[in-house]
Amino acid sequence: EAVRPEELAALAAQGRLEEALWPPDTPVRHWPAVVVGEDLLPALRSGRPLALEVGEGERARAYSPAGTFLALLRREAESGLWRPFRVFPG
């Protein structure tokens, strides 16, 4: 649902800009999700492949134990490991 620039400006002026914004994981909500343990967060943030139990599919969403959206993952065909291909601050 698109919002015109003048509507965004009005919402921002009222301190309500978040009403027009969607969470960054919205477009990939149909992908499987996995929670990455604290011990694996450094590897995820540095782009290293991870051994995770995700299930079916070739792509997945990764979250911290606190529920923060962290990364998009792609399964490596040969190893079956999950490699982050987009890592977000968090």
Roughly how far, to the nearest 0.5 Å, is the [atom2] atom of [Y] from the [atom1] atom of [X]?
{"X": "Phe69", "Y": "Arg29", "atom1": "CZ", "atom2": "CZ", "answer": "9.0 Å"}
{"X": "Asp25", "Y": "Phe88", "atom1": "CG", "atom2": "CZ", "answer": "9.0 Å"}
{"X": "Leu52", "Y": "Leu40", "atom1": "CG", "atom2": "CG", "answer": "6.5 Å"}
{"X": "Thr26", "Y": "Leu21", "atom1": "OG1", "atom2": "CG", "answer": "10.5 Å"}
{"X": "Arg45", "Y": "Leu70", "atom1": "CZ", "atom2": "CG", "answer": "6.0 Å"}

(message) With clusters defined by side-chain heavy atoms of hydrophobic residues (ILVMFWY) lying less than 4.5 Å apart, directly or transitively, does Val54 cluster with Val35?
(response) no

(request) Answer yes if Leu17 and Val3 sit in the same cluster of Ile, Leu, Val, Met, Phe, Trp and Tyr residues linked by side chain heavy atoms under 4.5 Å apart, and no otherwise. (result) yes

Any side-chain heavy atom of [X] sitting closer than 4.5 Å to one from [Y]?
{"X": "Arg61", "Y": "Pro32", "result": "no"}
{"X": "Val34", "Y": "Leu73", "result": "yes"}
{"X": "Trp31", "Y": "Leu72", "result": "yes"}

(request) Any salt bridge (charged side-chain N to carboxylate O under 4.0 Å, His left out) involving residues 73-85? Give me the pairs, sequence neighbours left out, ordered by first then second residue. (result) Glu76-Arg83

(request) Using atom types as modelled and distance alone, determine if a side-chain donor or acceptor of Glu7 lies under 3.5 Å from a backbone N or O of Arg4. (result) yes

(message) Quick one: does any side-chain atom of Thr68 pair with a main-chain N or O of Ser64 as donor and acceptor, under 3.5 Å?
(response) no

(message) Please evaluate residues Leu41 and Val36 with respect to the criterion side-chain contact (heavy atoms from CB on, under 4.5 Å), reporting the C-alpha separation (whole Å), side-chain torsions for both, the decisive distance (0.1 Å), and the verdict.
(response) CA-CA 7 Å; Leu41 292 180; Val36 177; 3.9 Å; yes

Which pair of non-hydrogen atoms, one from [X] and one from [Y], has the smallest distance, and what is that distance?
{"X": "Gly57", "Y": "Trp82", "value": "O-CH2, 3.6 Å"}
{"X": "Pro27", "Y": "Pro23", "value": "CD-O, 4.4 Å"}
{"X": "Leu44", "Y": "Pro84", "value": "O-CG, 3.4 Å"}

(request) Verify the neighbour count for atom CD of Glu19: are there more than 12 heavy atoms of other residues, nucleotides or ligands below 6.0 Å? (result) yes

